[in-house]
Amino acid sequence: MRAGRPVALARPRETADVVRVLEYAHEHRIPVVPQGARTGMSGGATAVDGAILLSLERMDRIVDINEVDHTATVQPGVVNAVLSKAVAEKGLFYPPDPGSWESSTIGGNVATNAGGLCCVKYGVTSDFVRHLEVVLADGRVLRTGRRTAKGVAGYDLVRLITGSEGTLGVVTEVTVALRPAAEKPLTALAFFRTSAAACRAVTAYLGTGRRPSVLEFMDKATVDAVSAYRDLGFPDDVGAVLIAQSDRGPAAPDDLEAFAAAARECEAMEVFVASDQAEADLLIEARRLVGVALERLGDQLVDDVCVPRSRLAELIEGIAEIGREHNVAVPCCGHAGDGNLHPTVVFDAGDPESVRRGQAAFDAIMALGLRLGGTITGEHGVGTLKRAWLETELGEVGLSVHQAVKRAFDPHGIMNPGKVIHGKPC
């Protein structure tokens with residue numbers, strides 16, 4: 001979807017400012033597109049024609065860090081890394097860590113229900129959001145959820161709004177749960193000749209009952225791209241890489257030895273277990289460099305399919321076949337521990353035939369994920385990129401329920417129109 005031409009940009013600092021913008025937009029039937037740091041991967045913050053862009057970057061205050069209740073309350077413009085460092089200074093830990101954690105905001109993370117490398121152990125953003133302040137389409141302020149460790153009063157609107165991509169209202173304050181600070185993680189890396197062998201190792205390792213804090217996969221094309229960007233000393237004949245981390249303190253070395261044993265049983269070429277934090281940081285850097293390394297390959301459509309772990313090998317093999325069928329490069333990496341992969345379809349935006357083949361491959365990968373019992377998006381959100389596939393996943397009844405929820409929150413359709421669910425403002 002092309003970016004539209006907005007009519008205005010609003011940059012509020014407080015909830016009251018957002019209220020005024022939405023009251024005006026509601027009265028005059030003007031679409032509103034909330035924006036954070038604009039690091040999203042699915043077009044959820046793309047401008048539409050005639051819209052007010054509502055940038056929340058200036059709402060960047062950490063309101064409170066409660067060391068007794070283990071919670072933090074923040075405005076939506078607080079950057080994930082800023083919050084993580086602030087709570088770490090108090091001996092606490094905010095686990096959700098999307099790849100863009102150094103620039104993405106908590107509001108954006110809530111909007112997409114962002115995940116990250118640590119999801120395999122700690123879960124996604126919605127597992128930590130306790131309370132939300134939300135300005136509704138007509139300017140009313142909804143405060144929902146709880147600041148207590150438990151609470152089941154009423155419908156769970158916090159979970160409904162988390163992941164709604166700005167289509168139900170504008171989040172202006174977030175209270176998240178924290179955990180006691182984790183131990184510094186240790187890291188291991190295993191090289192394989194084939195992706196299939198790496199997938200067997202994932203199954204074997206998780207079958208031991210261990211729960212790593214990170215378990216990441218990179219195929220050969222991804223490894224080659226990272227190696228071309230920065231020489232990390234990887235062997236030339238690597239077919240796939242697994243990276244595992246454990247943050248269980250004294251138990252971490254045993255966790256990684258179990259990973260190494262599973263990898264060797266699955267014919268790993270070589271396994272390297274970091275002996276200290278400096279080595280651990282170097283190994284995980286290979287995964288963190290994937291995004292910038294792949295950018296050098298060309299224009300991209302980044303998929304975000306997630307399947308049951310038992311179907312991971314089928315997904316990876318199917319992606320490779322789709323790349324060959326459509327004659328496009330599809331480097332693949334992702335969170336092997338929870339079955340969420342990011343196949344990246346590379347194409348030339350200046351070549352219509354390349355664009356056609358790239359889109360066909362992208363669609364085929366989403367169809368494959370659904371056939372394997374998965375979902376079209378594990379953590380990036382629907383936005384505009386995957387909107388056409390949402391009905392396929394939800395089904396007719398599911399889609400009608402979504403549309404009814406949208407109408408209840410936003411009867412005039414002014415909130416981020418054209419995202420997630422088809423529709424235009426009234």
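Sequence positions, counted from 1, serve as the residue numbers for this chain.
Applying the ring-ring contact (aromatic ring centres under 6.0 Å, His included) rule to pairs touching residues 373-393 yields His342-His380, sequence neighbours excluded. Applying the ring-ring contact (aromatic ring centres under 6.0 Å, His included) definition to pairs two or more places apart or across chains, none involves residues 262-316. Residue pairs meeting the salt bridge (charged side-chain N to carboxylate O under 4.0 Å, His left out) criterion with at least one member in residues 369-380: none, sequence neighbours excluded. Sorted by first then second residue, the salt bridge (charged side-chain N to carboxylate O under 4.0 Å, His left out) pairs that include residues 242-258, not counting sequence neighbours, are Lys121-Asp247, Arg210-Asp255, Arg248-Asp255. Sorted by first and then second residue, the ring-ring contact (aromatic ring centres under 6.0 Å, His included) pairs involving residues 279-321 (not counting sequence neighbours) form an empty list.
Among residues two or more places apart in sequence or in another chain, the salt bridge (charged side-chain N to carboxylate O under 4.0 Å, His left out) test is passed with Arg130 by none. The salt bridge (charged side-chain N to carboxylate O under 4.0 Å, His left out) test applied to Arg146 returns no partner, not counting sequence neighbours. Applying the ring pair (Phe, Tyr, Trp, His ring centres under 6.0 Å) criterion to Tyr205, with sequence neighbours excluded, gives Phe259. Every residue was checked against the ring pair (Phe, Tyr, Trp, His ring centres under 6.0 Å) condition with Phe409, not counting sequence neighbours, and none meets it. Applying the salt bridge (charged side-chain N to carboxylate O under 4.0 Å, His left out) test to Glu165 and every residue at least two apart in sequence or in another chain returns nothing. Thr71 meets the side-chain hydrogen bond (donor to acceptor under 3.5 Å, both in side chains) test with no other residue; sequence neighbours excluded.
Atom OG1 of Thr344 and atom CG of Asp304 lie 10.5 Å apart (nearest 0.5 Å). Taking NZ from Lys220 and CZ from Arg193, the interatomic distance works out to 11.0 Å, rounded to the nearest 0.5 Å. Within the model, atoms CG of Leu390 and NE2 of His402 stand 6.0 Å from one another, a figure rounded to the nearest 0.5 Å. One distance of note links OG1 of Thr175 with CG of Asp64; it measures 8.0 Å at 0.5 Å rounding. Between the OG1 atom of Thr144 and the CG atom of Leu157 there is a distance of 4.0 Å, given to the nearest 0.5 Å. Remark: Asn327 CG to Ile322 CD1 distance equals 14.0 Å, nearest 0.5 Å.
Panel note: side chain Glu102, backbone Ala81; no donor-acceptor pair is recorded below 3.5 Å. When atom types are taken as modelled, the side chain of Asp127 and the backbone of Val124 share a donor-acceptor pair closer than 3.5 angstrom. Listed for the Ser164 side chain is a donor-acceptor partner under 3.5 Å among the backbone atoms of Ile161. Using modelled atom types, one side-chain atom of Glu393 and one backbone atom of Ile376 make a donor-acceptor pair closer than 3.5 Å. Although no hydrogens or angles enter the test, the distance criterion places a donor-acceptor pair under 3.5 Å between the side chain of Thr162 and the main chain of Val158. Side chain of Thr125 to main chain of Asn113: no donor-acceptor pair is present (N/O by atom type, distance under 3.5 Å, no hydrogens or angles). Side-chain atoms of Asn109 come within 3.5 Å of backbone atoms of Thr105 as a donor-acceptor pair (strictly under, hydrogens ignored). Between the side chain of Thr112 and the main chain of Gly108, a donor-acceptor pair closer than 3.5 Å is present. A donor-acceptor contact shorter than 3.5 Å links the side chain of Arg387 to the backbone of Gly418.
Side chains of Arg58 and Gln75 form no contact here, defined as non-hydrogen atoms less than 4.5 Å apart. Within the 4.5 Å cutoff, the side chain of Asp237 has heavy atoms near those of the Met269 side chain. Between Asp299 and Asp348 the shortest side-chain heavy-atom distance falls below 4.5 Å. Using a 4.5 Å heavy-atom threshold, the side chains of Leu215 and Ile243 count as separate. Side-chain contact between Val79 and Ser103 is absent, with no heavy-atom pair separated by less than 4.5 Å.
Gln245 and Thr187 share a donor-acceptor pair across their side chains, judged by distance under 3.5 Å alone. Using a 3.5 Å distance cut-off with no hydrogens or angles, the side chains of Asn80 and Ser104 do not pair a donor with an acceptor. Remark: the Glu133 side chain and the Thr172 side chain contain an N/O donor-acceptor pair separated by less than 3.5 Å. Remark: the Thr167 side chain and the Asn416 side chain contain no N/O donor-acceptor pair separated by less than 3.5 Å. Side-chain atoms of Glu173 and Thr73 form no donor-acceptor pair, as typed in the model, at a separation below 3.5 Å.
When ring centroids are compared, Phe128 and Tyr122 stay outside the 6.0 Å threshold.
Salt-bridge formation is detected for the pair Glu57/Arg38: a Lys NZ or Arg NE/NH1/NH2 atom is positioned less than 4.0 Å from an Asp or Glu carboxylate oxygen. Using a cutoff of 4.0 Å between basic side-chain nitrogens and carboxylate oxygens, Glu89 and Lys85 are not scored as salt-bridged.
Looking at every heavy atom in both residues, Ala201 comes nearest to Phe192 through CB-CZ, 3.6 Å. The two residues Thr46 and Lys419 come nearest to each other via the heavy atoms O-NZ, 2.6 Å. Closest of all the heavy-atom pairs between Cys266 and Ala204 is SG-CB, 4.2 Å. Nearest heavy-atom pair across Ser195 and Gly239 is OG-O, 4.0 Å. Residue Ala336 comes nearest to Leu242 through the heavy atom pair CB-CD2, 4.4 Å, listed as atom of the first residue, atom of the second, then distance.
For Asp236, the CG atom counts as loosely surrounded, since its 6.0 Å shell holds 12 or fewer non-hydrogen atoms of other residues, nucleotides or ligands. Counting heavy atoms of neighbouring residues, nucleotides and ligands inside a 6.0 Å radius, atom CD of Glu396 does not exceed 12 of them.
Considering Asp219, Asp303, Ile365 in turn, Ile365 is the only one that fulfils the side chain to side chain contact (heavy atoms under 4.5 Å, CB included) rule with Val330.
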Verdict with supporting geometry, Leu132 and Val110, side-chain contact (heavy atoms from CB on, under 4.5 Å): CA-CA 10 Å; Leu132 292 174; Val110 170; 4.3 Å; yes
Residues Val33, Ile52; criterion side-chain contact (heavy atoms from CB on, under 4.5 Å); working and verdict: CA-CA 6 Å; Val33 178; Ile52 298 173; over 6 Å; no
Derivation of the side-chain contact (heavy atoms from CB on, under 4.5 Å) call for Val176 and Tyr94: CA-CA 8 Å; Val176 296; Tyr94 180 62; 3.7 Å; yes
Check against side-chain contact (heavy atoms from CB on, under 4.5 Å), Met59 and Val18: CA-CA 10 Å; Met59 296 184 69; Val18 178; 3.9 Å; yes
Do any side-chain atoms of residues 282-297 form donor-acceptor pairs under 3.5 angstrom with protein atoms, and if so which ones, sequence neighbours left out?
residue : atom : partner : partner atom : Å
Glu285  : OE2  : Arg230  : NH1          : 2.3
Arg287  : NE   : Glu216  : OE1          : 2.6
Arg287  : NH2  : Glu216  : OE1          : 3.3

